[in-house]
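Written out below as C-alpha cells is the structure these notes cover.
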Amino acid sequence: MLKEAKESRTGLFLALAVGLGLGAGLLAILQAGVLSHVVSGAFLGGQGPRQLWPLLWVLLGLLFARALFIWLGESCAHRAAAQVKLSLRRRLLAHLFALGPAYAGGERAGELTYVLVEGVDSLEAFFSRYLPQLALAVLIPLTVLGFAFPADPLSGWILLITAPLIPVFMILIGKWAESLTQRQWETLSRLSAHFLDVLQGLTTLKIFGRSKDQIQVVARVSRQFRDTTLAVLRVAFLSALVLELLATISTALVAVGLGLRLVYGRLEFERAFFLLLLAPEFYQPLRLLGTQFHAGLSGATAAKRIYAVLETPLPGSVPAGETDRSAPSEPSQACLLQARLAGMDAPQVVFSDVHYAYEGGLRPALSGVTFVLEPGQRVALVGASGAGKSTVAHLLLRFLEPQRGSIQVNGLPLGAVPPELWRQYVAWVPQNPRLFYGTVADNIRLGRPEASLEEVAAAAQAAGAHEFIQALPQGYETPVGELGLKLSGGQAQRIAIARAILKDSPLLILDEATAHLDPAHQREVEQALERLMAGRTTLIIAHRLTTASRADWILVLDAGRLVEEGRHRDLVARGGAYARLVQASRSAAEPVSPAGAAAGAGEVGEVSP
Amino acid sequence: MRDLLRLLRLLLPEWKSMLAAAAWGFATVASNVGLLATSAYLIARAAQHPPVLYLMVPIVEVRFFGIARAAFRYLERYFSHDATFRVLERLRVRFYAALEPLAPAGLLDQRGGDLLSRIVGDVETLRDFFLRAVAPPLVAAGVLTAVAVFLGRYNAGLAWAVVAVFGAAGMGVPVAALLASRGVGRKLVRTRARLQAALVDSIQGMADLQAFGQARRQLETVESLSRELEDLQTRTLNVASLSGSLTGLAGNLAAWCVLALAIPLVAQRQLDGVYLAMLMLAASSAFEAVMPLPQALQYLEQSLAAARRLFAVVDRAAAAETSAAQAPPACASPLAAAPRPTRVAPAFRGLQVEGLRFRYTAVGPWVLDGVHLQLPWGGKLAVVGPSGAGKTTLVNLLLRFWDDYEGSIRLDGQAIRSIPPEELRNRMAVVAQNTHLFNATIRENLLLARPGATQAEMEQAAAAAQIDAFVRSLPEGFDTYVGEGGFKLSGGQRQRLAVARALLKDAPLLILDEATAGLDAVTEEQLWTALLRVMEGRTVLAISHRLRGLEVMDQIVVLEQGRVAETGRFEELLRRRGLFWEMWRLEQVALSDSPFQPLPAASAAGSAAEA
C-alpha cells in the first residue's frame, strides 16, 4: 500500500506533513529552552520583567508558529489521503469495468461495493493520521534525545530505555486483547446483532404470541453483552494503563533524579527544568501513535482487499487476442469497421464452434456452439438454467470473449470490433433491469443520452410505461433507484424496454422475465416487445412456451451444447428435447383436469405460427 | 433543549456510576497536573539546595502521581464503559417495549428494515453520549475549578487569566468549529450518499451500463462526485485540525499568561520565585481536559440527532397506544350490537369474512374493497390474485395487526375484534413468506411456537415438514445456530423450518401466506409436496401467487384489486376462462426451470440419440 504514497503529489503532501510535524517538534524543543531560560532568569537570576519581556514575545511567536505548523501538517496529511482515495477509487472502478459484469456481478457484488465504499474510506485515517504519526513517533523522540543527552545523559538514558517499552507493551497487550476478542467474537457478534434480530422478527414473535416475553430476553442479552464486552475491554484498557504508567513513571523518575542532583549542585536549574519540559514532548508522539494503532490495522486490512481486486488479471483480453490474432485493431481499421456497421439494419450473426468455460476452464458453459441468426429473424434460446443461455447473451454483448471459435456479424469477425463500438449496435433488455439513481427520464435516456424529452416520452409510450410514469409524483423527473422511489419489477421492465426502443439498435437481445407474471400488465409488455422486435434481428432468452412458440426459430441448449434447432411446429413434431419440454410443461395440467389442460394447450396452439 | 433533557434523564438511573466515572476522569487529569507541578516545585526547591529531608514530601508526591495517573485512567475507562453499557441496556429494553405494540402496523409506513436497523444504529450512537459528550465537560469543569482554586491561593490574577483562556478554548473553539463546519456537514452527508448510490449502481448495474455504452460516463460521474466529496471532507477536516491545534495552543498560552503575570510579581517579591515553574506547568497541563471538548460537541450533535429519531418512534408508539385505548368504545359499540341479531341464527362454525373494506391510510386507495369469504372448520380455502390484490393484507387483518376496517371478520360467530390479540393468534399458525428465523439454535427457533414442547413433538413436526433428515445431518442437530450469524440455510430449508414451527404450534387454523414464494421452481415444488401432506385433515387458509397444486383446495377465491373477482373450485375456475384462467395460462407455459430439471436423463438421452 505504501506504493500509493510514492505517487508524486501524494508523496509530496505526505513528506510535507511529516516535515511540518517534525518542525512543530523542533519548535516545541526550542520553546522548552526559552521557557526554562525565562523561568530560571526570573527565579534565580533576579531578572525582572524589563529584561524578560523580549524573550516572552519570542516565546509567544514560537507558540503561534508551532500551532500553525501542526495545523498545516495535518492539512497536508488530509490532502494526501484525499489524493490516495481519489486515485484508488478511480482505478478500482476502471479496473472493475474492464473486468466486466461477468466478474463483478452476482455474489461478488456485495464485497465489491463494500471495498469501493467503506474499504476506500477507511484509508483516510491510515494515510492522514497513522502514516505521518508513524514517522513522527520515530523522528520526534530521536530529536528530543539529541537535545536531552547533551543536557543530562542520565535523563537521556531513562527516556531512551522506556521509549521502546511503550510500543512493545502496546503490541503485546493489543495481541492479547485481540485473541480474547477473537475467542469471544462469536458471542459478541451474536449478542450485538440480537437487538436488530428481535426487532426484525417482531411480527413473527407477535404471531406466536411471544413478543412480550422478549422484553426480558432483550434485557438479559444486553446484560450478557455488557459483561462479555467489559471482560474484553478490561484487557484492552490495560494497554492504556501501561502506556500511561511508562510515560508518567519515567517523567517522575527524571524529575526525582534531577531534583536530587540539583540539591548537591551537580546540575543547574535551567538545564533541569529544560529536561522536565522535554519529557512530555518525548512521550507525546508515542502516545498519539497508540491512539492511531487501530486506524493502522483497519487500513491494512482494507488495503489487502483493495489490492486483491486491483490485481485480478483481466481475463477477456487474452483469449480475444488469441482467437482473432489476424484481426486488425489499428484506429484507421476501427473507422473502417464503424463505416461497415453504421448503416447496418438487422444484421446476420453467426456463432461458429464457440467455446467458453468459466473459472479458468474448470466450468464449461458452452462447448462448440454453432448457429446463425438471420437478418430480421426472431430466435428463441431455450434450455434449463445452466444450459448456457446467459453465456450466449454475454458473448454477444462482449462481456465475455469466446475462448475458441468465433462470432461473425455480417461476415465481420466480432473480435475485431472494439467492444464499446459494437455495443452501440446492440440493445439489451435484461431480466432484472437496473434502475440507476436519477430521474425516470435519465434512466430511459441510458439508451441515448442526447434524446429529447419528447423522444423519451415517445419511447415510454411505445413501451407501455408512459401512463404509470405520468402518475408518479414528479412524472418523468421523479428520482428513482438507490436513493429515489422504488419501482416494481414490472415497471422497471417496461423502462428497460423504453431504453431499448430509444436506442433503436439493429440487434436486440431480450432476456425474458420469469417473475412479475401479472396478467394485467403482461399484455402491455408483450405488445411493447412486439413493437420493439419489428425489423430487428432478435435473440430472445425464452422462459415461457408462448414466447418460444412465437419465435421464427428455436435453439435448444442443453449443458452447453446446441441439441436441437428449428421451428416450433417442426420441433414438436420431431419429438426430441424440445417436444419433451413442451410435453412436460403441459403435462402438469393434465392430472388436474382435462379441461384445464385443453385450455392451456389450446392457447399455445392458437398463437403458434 | 427538550431532547437534551430527555436524553439526560435516560442517564439518571446510572448517575452514581457516571459521577464516579467523571470523578476518576478528573483524578486522571489532576494527577498529571500534580505530577508536573510537583516535579517543577521539586526541581525549583532543590535548586535552592535545602537539606534533602525537605525534599522528601515532593519526592513522594511525584512518585505517587506518577503511578496514580495510570490507575485512575484505568478506573475511569472501566466505570464509564460499565455505566454506558447499563444505560444502553435500559434503552434497548425501553425501545423494544415501545415498539412491540406498534408492529407491524406502525413500523410499515417507514421503510421496513431500514427503520429497524436505524433504530439499532441510533441506540449504538448513544453510546458516545455519556462517554464522549457528557463526561468530558464534567471533567473539564472540575479540572478548571481545581486549577483556579490552586492558582488563586497564590494570586487571583493568575486564576482569572487561566479561567479566561480555558473558557475561550473550551467553549469558544468548539462552538466556532461547529458553526464553521455545519453548512459543509450537511452537504457532505448528501454528497456521500450520492457517491455511494453511484458506486452501488456501477457495480450492480455494470452489465446495463456497459451494454448501453455508458461505462465511461459513469466513471466520470463517480470521479466528479468523488472529487466533490474529497473537497468537502478536506474542508471539514481542516476545520477539525485547526480547532485541535488551537486547543493545543491554548494550553501554552495559559502558561505564557501565567509567566507574564507572575514574573513582575516575583520581581516585586509578592510571589516566591520557587513557585513560578510549578504554577506555569499546573496551568498548561490542566488543558489536557480541554482537548476532548471540540469533539464532545460533535458527539453531542450526533447523539441529539439519534435521540430525536428514537424519541419520535417512541412518541408515535405512545400516541398509537392512547388512540387505541380510545378507539374500542367507538368501534366496539356497533360491533357489540351487531353480533346479537346474528346470534339468533346459529353462528357459522369457522372463519367468516363479510363486506371487508380496508385501506392503510385515511386517504389511500382501498386495498380490500368488499371481500366475502367463508372457511368452515376442516375446509381448505385458497386466496389467489396478482400481486397487489390485497392477499397479504387479508392475513394481516385476520391476525389483528390492523383493526380499523369496515365489515366483519368472525371466528365461530365471534367478531375477532372482541378477541384479545394474543388469544386470537393462539388459534392460528402462520407460515409466512418472510418468516423470520432468529439468530439462535434450531431448537430455540422451533420452541418459539410452543415453549413446552418435548423433543419428540419437535421431531414429529420436523418430520412432517420434511426437514428432520437435514437437521440430523447438521453437526449439532437441533442445537445448530441458524440465522444471520449462524448456519446459512437455503430458502427452502428456512421455509421448512417455518412450517415445522407452525405445526408445532398446532393451532386449529393453519395460514399459509405465500409460503412458497421466492423459492426456485424445484424447491417450490418440493415444499408444496410437503405442504400437501401437512394440510391433510387441517383447516387451511392458503394465500398464494401460484396456482399449480391448488386442485386440492375446496374453494379458491380470486382477488383483483381488493375485490373478489371469481370464486369456485379449480376446474370450475379454469372452465370459466376469466382472470384465474389467464393467470393459469401465464404460469403454465413457463419453459425453463421446473419442467427441464426433472428430466435430465431424458434430455441427455435425447442428445445422445441425435448424436
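On a predicted model such as this, the values are computed, not experimentally measured, just so you know. Naming convention: chains lettered A, B, ... in sequence-line order (proteins, then strands); numbering from 1 in each chain.
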Do you know which of R434(A), R499(A), R423(A) makes salt bridge (charged side-chain N to carboxylate O under 4.0 Å, His left out) with D208(B)?
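It is R499(A); the other options fail the test.
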With a 4.5 Å cut-off on heavy-atom pairs, point out which of [options] contacts chain B the most.
{"options": "L245(A), I509(A), L277(A)", "answer": "L245(A)"}
{"options": "E268(A), R561(A), Q214(A), Q47(A)", "answer": "Q214(A)"}
{"options": "G201(A), A427(A), G259(A)", "answer": "G201(A)"}
{"options": "L233(A), V117(A), L446(A)", "answer": "L446(A)"}
{"options": "H194(A), K212(A), R79(A), E124(A)", "answer": "K212(A)"}
{"options": "F269(A), Y437(A), F195(A), F399(A)", "answer": "F195(A)"}

Among [options], who wins on heavy-atom pairs under 4.5 Å with chain A?
{"options": "L276(B), L42(B), L242(B)", "value": "L242(B)"}
{"options": "E223(B), E124(B), E422(B)", "value": "E223(B)"}
{"options": "A47(B), S241(B), A260(B), A262(B)", "value": "S241(B)"}
{"options": "P421(B), G213(B), A277(B)", "value": "A277(B)"}
{"options": "S39(B), S31(B), A211(B)", "value": "A211(B)"}

Check side-chain contact (heavy atoms from CB on, under 4.5 Å) between V242(A) and all other residues, then give those that pass, not counting sequence neighbours.
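Applying side-chain contact (heavy atoms from CB on, under 4.5 Å) to V242(A) gives F169(A), I173(A), L246(A).
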Which region of [X], side chain (C-beta onward) or backbone (N, CA, C, O), has a non-hydrogen atom less than 4.5 Å from a non-hydrogen atom of chain B, or is it both or neither?
{"X": "L243(A)", "result": "neither"}
{"X": "P433(A)", "result": "both"}
{"X": "L397(A)", "result": "side chain"}
{"X": "P280(A)", "result": "side chain"}
{"X": "V256(A)", "result": "both"}
{"X": "S128(A)", "result": "neither"}
{"X": "L44(A)", "result": "side chain"}
{"X": "L241(A)", "result": "both"}
{"X": "F64(A)", "result": "both"}

Please classify the contact of [X] with chain A as side chain, backbone, both or neither, using a heavy-atom distance under 4.5 Å.
{"X": "V62(B)", "result": "both"}
{"X": "R45(B)", "result": "neither"}
{"X": "L448(B)", "result": "both"}
{"X": "L237(B)", "result": "both"}
{"X": "A46(B)", "result": "both"}
{"X": "R86(B)", "result": "both"}

So, do [X] and [Y] sit near enough that their side-chain heavy atoms are less than 4.5 Å apart?
{"X": "L249(B)", "Y": "I70(A)", "value": "no"}
{"X": "L260(A)", "Y": "V52(B)", "value": "yes"}
{"X": "L36(B)", "Y": "T251(A)", "value": "yes"}

For the residue pair H81(B) and F237(A), does the interplanar ring angle fall in the parallel (under 30°), tilted (30 to 60°) or perpendicular (over 60°) class?
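Rings of H81(B) and F237(A): tilted, as their planes differ by 30° to 60°.
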Evaluate the side chain to side chain contact (heavy atoms under 4.5 Å, CB included) criterion for residues H436(B) and D197(A): first the C-alpha distance (whole Å), next the side-chain angles of each, then the deciding distance (0.1 Å), finally the verdict.
CA-CA 9 Å; H436(B) 191 83; D197(A) 187 35; 2.6 Å; yes
Assess the side chains of E89(B) and S222(A): does a donor N or O sit below 3.5 Å from an acceptor N or O?
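There is no such pair between these side chains.
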Please determine whether side chain to side chain contact (heavy atoms under 4.5 Å, CB included) holds for the pair E74(A) and N238(B), giving the CA-CA distance in whole Å, both sets of side-chain angles, and the decisive distance to 0.1 Å.
CA-CA 8 Å; E74(A) 284 185 13; N238(B) 277 348; over 6 Å; no
Could you walk me through whether Q48(B) and F43(A) satisfy the side chain to side chain contact (heavy atoms under 4.5 Å, CB included) test, starting with their C-alpha distance in whole Å, then the side-chain angles of each, then the deciding distance to 0.1 Å, before giving a yes or no?
CA-CA 10 Å; Q48(B) 294 173 329; F43(A) 168 37; 3.5 Å; yes
For S40(A), what residues pass the side-chain hydrogen bond (donor to acceptor under 3.5 Å, both in side chains) criterion, not counting sequence neighbours?
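Applying side-chain hydrogen bond (donor to acceptor under 3.5 Å, both in side chains) to S40(A) gives none.
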Can R89(A) and S226(B) be said to form a side chain to side chain donor-acceptor pair (under 3.5 Å), step by step?
CA-CA 8 Å; R89(A) 212 174 266 140; S226(B) 198; 2.9 Å; yes
